[in-house]
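These notes are about the structure you will find just below.
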Amino acid sequence: MARWLESGALRGDAESGREPYVIAIPLPNVTGSLHMGHALNNTMQDVLIRWHRMAGREAEWVCGTDHAGIATQAVVEKMLAAQGVSRRELGREAFLGRVWAWKEQSGGEIITQQKRLGCTLDYSRERFTLDDGYADAVARVFVSLYDKGYIYRDRYMVNWDPGLGSAVSDLEVEDREVTDALVSIAYPLSDGTGEIVVATVRPETMLGDTAVAVSPADERYRHLIGRTVTLPLVGRELPIVADEYVDPAFGTGALKVTPAHDPNDFEIARRHGLDEVSVIGEDGRMTALAGAGYAGLTPLECRVKVIADLRAADALRGEEDYTHNVPFSHRSGERIEPLLSLQWFCDMGTLAEPAIAAVVDGRVRFTPERFGRVYLDWMENIRPWCVSRQLWWGHQIPVWYRGDEVHVGTAAPEGDGWVRDPDVLDTWFSSALWPFATQGWPQQTPELARFYPGHALVTGRDIIFLWVARMVMMGIEFMGDIPFSDVVINPIIQAPDGRRMSKSLGTGIDPLELIDQHGADAVRFGLLLMASTQDVRFNEQRIQQGRQLATKLWNATRLVVDRGGRAGGVTPEPTLLGDRWIASYVRNTVAEAERLIAEYDFSALADLLYRTIFDGFCDWYLELLKVGEGTPEVAGFVLEQLLTLANPVMPFVTEECYAQMPGAAPEGLLRHSLAVGPWEHDEMARVQGMWLIEAVTALRAHKSENGMRPRDPLFVTLEQRVPFALSQSAVASLAHVSWVDTPADDARSLGLEHGRLLVSRPDMVVDTAAECARVDARIAATATELGRAERQLANDKFVGRAPEHLVAAERAKAARFVAEIAELRAERGRLGCS
RNA sequence: GGGCAGUUAGCUCAGCGGGAGAGCGCCCGCCUCACACGCGGGAGGUCACUGGUUCAAUCCCAGUACUGCCCACCA
């Protein structure tokens with residue numbers, strides 16, 4: 001890692017003529033530390049960055065951290081609380097000083113951890129969302145959106161988080177199922193001619209009721225519309241209004257309307273011009289408007305008192321358990337208190353339009369595709385975004401007030417008496433600018449010109465709305481172009497038992513510990529292998545597999561170097577079978593890997609590397625090399641290609657192996673390129689290689705199944721049906737057999753695709769009965785296959801409609817089965833079976 | 001209430017119209033001069049269920065059953 005950092009290759013050069021390739025990392029919280037999700041997500045990005053850097057692109061992987069308003073403020077407040085100090089006692093300025101001090105001292109630990117994973121981020125340009133330049137970009141965006149009329153201030157229904165003492169956005173709220181008491185309350189008609197019964201799970205909010213609503217289609221109440229009821233305990237006269245929202249089939253069909261404490265009631269009230277009476281305040285207590293006797297209580301205390309008072313007033317008409325979904329804060333875990341509050345909002349409708357178009361017309365592509373639909377569904381129903389937060393740590397809203405005057409600007413206004421809005425912006429407001437604010441915007445820097453727009457964005461599906469969608473909107477609005485062309489959604493890695501991996505559940509697994517145990521390459525490889533298009537359970541065996549692959553590469557390198565293999569040579573011309581076979585094989589592997597990278601199929605890529613290195617290269621090619629079917633020139637060249645190919649996935653071990661090779665470039669693999677161009681697919685080499693593999697495998701299996709040890713002698717005679725040669729010397733060495741011209745009388749037959757092998761062992765005592773049974777069993781099995789093939793071929797519909805090559809293949813199969821049965825019958829005759 | 005995934009070997013997962021695959025685990029044999037973190041061989045699946053389309057279905061369509069996730073204002 002130190003060498004990579006010193007190389008300067010991690011810093012994208014905006015002036016080089018190379019075509020850029022840019023990824024902006026999903027900025028981690030400055031309070032964060034690397035968890036399993038980061039490890040996978042970052043590995044995927046590093047594979048892409050390294051791959052494209054090797055392919056000659058000017059790679060820039062944007063690095064940095066997010067100030068993470070709520071999370072960071074909470075960390076520091078907790079530390080202060082341990083010292084017995086509250087943030088309010090300190091005051092805003094001193095508190096922010098403490099937060100900055102914490103950030104300088106302990107923040108950004110995750111950057112160090114990313115280096116341990118081997119991530120080739122551009123650390124030289126590390127950014128923080130509260131940097132001066134970044135803060136300037138945020139303020140400019142706010143002012144610009146205000147000037148365009150998108151940002152406005154309104155007294156509006158918000159999700160109030162009583163634990164946090166702040167409003168939170170719709171996206172920071174989750175529903176939980178809760179069982180509440182549903183209380184029925186009688187509201188008498190003002191003229192004393194009867195009553196209307198309403199039901200509520202929040203009786204305390206009745207103190208803020210300003211109407212009763214019924215369905216306009218409801219016959220039962222039609223005659224009451226326009227009349228009034230008297231609110232019990234309060235005495236306020238409430239109009240009875242008709243509204244489509246009310247479901248006549250639910251409860252009594254009459255709905256109490258509390259505009260200040262229920263989002264639906266709020267909408268109804270705005271439609272009918274009703275009063276909005278706030279009876280719960282931002283301090284989480286009943287307000288003076290709730291009335292003497294209730295003011296100052298918590299809503300829960302108030303509920304108890306209201307129910308008691310209603311009972312005393314004989315206004316209770318029933319109570320039953322009721323299970324329903326209730327919003328809770330993601331942040332504090334407390335139950336959301338919907339209330340009216342003066343907040344800053346951003347209207348998203350206009351901003352969303354071009355961002356929808358970008359996905360619809362394919363300029364921004366999601367992988368897996370289905371997430372594009374998720375994005376569009378949300379965008380097409382987008383709602384105003386509450387962007388103000390009642391916190392201290394963050395981008396303070398660039399608005400000043402003086403009496404009724406409001407100044408919105410990037411700097412404080414002239415004159416005395418102006419007071420700045422104390423609130424800060426939602427953290428996601430600043431992260432939405434990440435792709436361009438990191439490149440110097442609003443300055444027209446060379447980096448901005450070269451590194452915007454970026455290419456891939458790799459992230460989790462949980463922030464498609466919070467972050468991805470908003471980056472697309474802001475990018476188009478302020479840069480006039482999409483921020484990236486591909487959104488790659490990484491899977492979620494669950495705990496081995498299928499539960500969510502989380503610190504609070506105790507189900508988390510620390511990737512840094514895994515790195516300690518197995519090495520960073522193993523962790524990277526294992527995570528990629530686990531990752532597919534769906535969520536997966538963590539499987540440590542995959543990590544072990546990665547470690548085995550790393551060890552294998554290391555040992556293979558030792559062998560190749562021992563045999564005189566070198567790096568950096570000219571492309572050798574393969575002549576021996578083993579060389580020709582591996583050259584063609586590796587060429588095809590590279591082509592396949594290129595395809596998989598383009599499709600972001602990291603799991604298949606890891607699997608391909610594993611199979612190629614273990615099976616193709618080590619188990620077959622290196623063994624062929626040892627028996628004289630390969631040359632050090634080709635072995636060295638192929639190893640260099642494989643190390644290069646595997647480098648994006650396993651950067652450490654491949655870099656080290658490469659360094660062990662004579663002739664290796666001193667700068668290593670960071671900008672190395674794959675050079676298999678001169679080699680073409682060699683069909684004859686493939687067929688001959690397959691034949692050799694088939695023969696060796698059959699002979700080994702024969703020995704194993706007959707209780708022979710690998711080195712026990714075995715005589716073999718070849719009968720082939722094709723005009724190209726089997727490499728007999730290689731077979732003899734790899735399977736430990738001896739070729740003879742004439743088969744023994746009792747030789748057994750091993751059928752191969754291109755011929756057969758007649759094998760016999762010198763010391764074999766033939767158990768005729770057992771042998772006959774074995775041959776009969778094979779005849780029966782082959783006959784079954786033949787029967788299936790013949791039935792297929794006898795089916796006119798198959799012959800008539802199936803593709804020609806499949807019919808031909810079926811005929812060839814049938815012919816082969818017939819020949820095999822004939823051979824087996826002959827063997828039967830030789831053995832003298834009954 | 002909508003929507004999206006998933007259900008394949010003991011475990012974790014690939015495959016997605018033409019004779020079921022990987023890793024680990026299990027069984028057998030090998031310290032073969034790169035590697036025992038290894039090498040060779042093998043056992044083990046009515047591809048959730050029910051219908052349909054097709055010459056042909058694990059793969060396509062419809063439905064059922066579980067499992068997970070996302071969205072949603074029913075007091």
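Because the structure is predicted, anything quoted here is derived from the model rather than measured. Naming: A, B, ... by sequence-line order, numbering from 1 per chain.
Only one option out of Ile493(A), Val523(A), Val536(A), Ile492(A) pairs with Leu40(A) in a side chain to side chain contact (heavy atoms under 4.5 Å, CB included); it is Ile493(A).
Neither OP1 nor OP2 of rG29(B) sits under 4.0 Å from any side-chain N or O of Ser704(A). A sub-4.0 Å separation between OP1 or OP2 of rA75(B) and a side-chain N or O of His324(A) is present. OP1 and OP2 of rG29(B) both lie 4.0 Å or more from every side-chain N or O belonging to Arg709(A). Proximity of Arg537(A) to the phosphate of rU12(B): a side-chain N or O atom is located under 4.0 Å from OP1 or OP2.
Judged by Watson-Crick or G-U wobble contacts below 3.5 Å, the nucleotide rC31(B) has no partner. Base pairing of rG25(B): no nucleotide in any strand meets the Watson-Crick or G-U wobble criterion (both distances under 3.5 Å). Of the nucleotides present, rC71(B) is the one that pairs with rG1(B) by Watson-Crick or G-U wobble criteria, both distances under 3.5 Å. In this structure, rU54(B) makes no Watson-Crick or G-U wobble pair, since no nucleotide meets both defining distances under 3.5 angstrom.
Side-chain atoms of His736(A) never come within 3.5 Å of backbone atoms of Asp712(A) as a donor-acceptor pair (strictly under, hydrogens ignored).
With respect to Glu337(A) and Arg202(A), a salt bridge is recorded, a charged nitrogen being found less than 4.0 Å from a carboxylate O. A salt bridge is absent between Glu705(A) and Lys703(A): the closest approach of a Lys/Arg side-chain nitrogen to an acidic carboxylate oxygen does not fall below 4.0 angstrom. Of the charged side-chain nitrogens involved, at least one lies within less than 4.0 Å of a carboxylate oxygen, so that Glu380(A) and Arg373(A) count as a salt-bridged pair. A salt bridge does not link Glu633(A) to Arg566(A): none of the charged side-chain nitrogens sits closer than 4.0 Å to a carboxylate oxygen.
Using atom C1' as the reference point in both rA56(B) and rC16(B), the two lie 15 Å apart (nearest Å). Taking atom P in both rG23(B) and rA43(B), the straight-line distance is 15 Å, to the nearest Å.
Atom pair Leu608(A):CG and rG21(B):P shows a separation of 19 Å (rounding to whole Å applied). For the pair His702(A) NE2 and rG42(B) P, the interatomic distance rounds to 13 Å; values are reported in whole Å. In this structure, the CZ atom of Arg370(A) is 11 Å from the P atom of rC4(B), given to the nearest Å.
Below 30°, between 30° and 60°, or above 60°: for Trp378(A) and Phe465(A) the angle between ring planes is below 30°, a parallel geometry. Taking the six-membered ring where the residue is Trp, Tyr610(A) and Phe525(A) present tilted rings, their angle falling between 30° and 60°. Using bins of under 30°, 30° to 60° and over 60° for the plane-to-plane angle, the ring pair Phe617(A)/Tyr621(A) lands in the parallel bin.
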* Asked: How would nucleotides 32-39 of chain B be written as a contact map, 5' to 3', with B for base contact, S for sugar-phosphate-only contact and - for no contact, using protein heavy atoms under 4.0 Å?
  -> B-BB-BSS

* How does protein contact run along nucleotides 66-73 of chain B, one letter per nucleotide 5' to 3', with B for base contact, S for sugar-phosphate only, - for none, heavy atoms under 4.0 Å? -> ---S-SBB

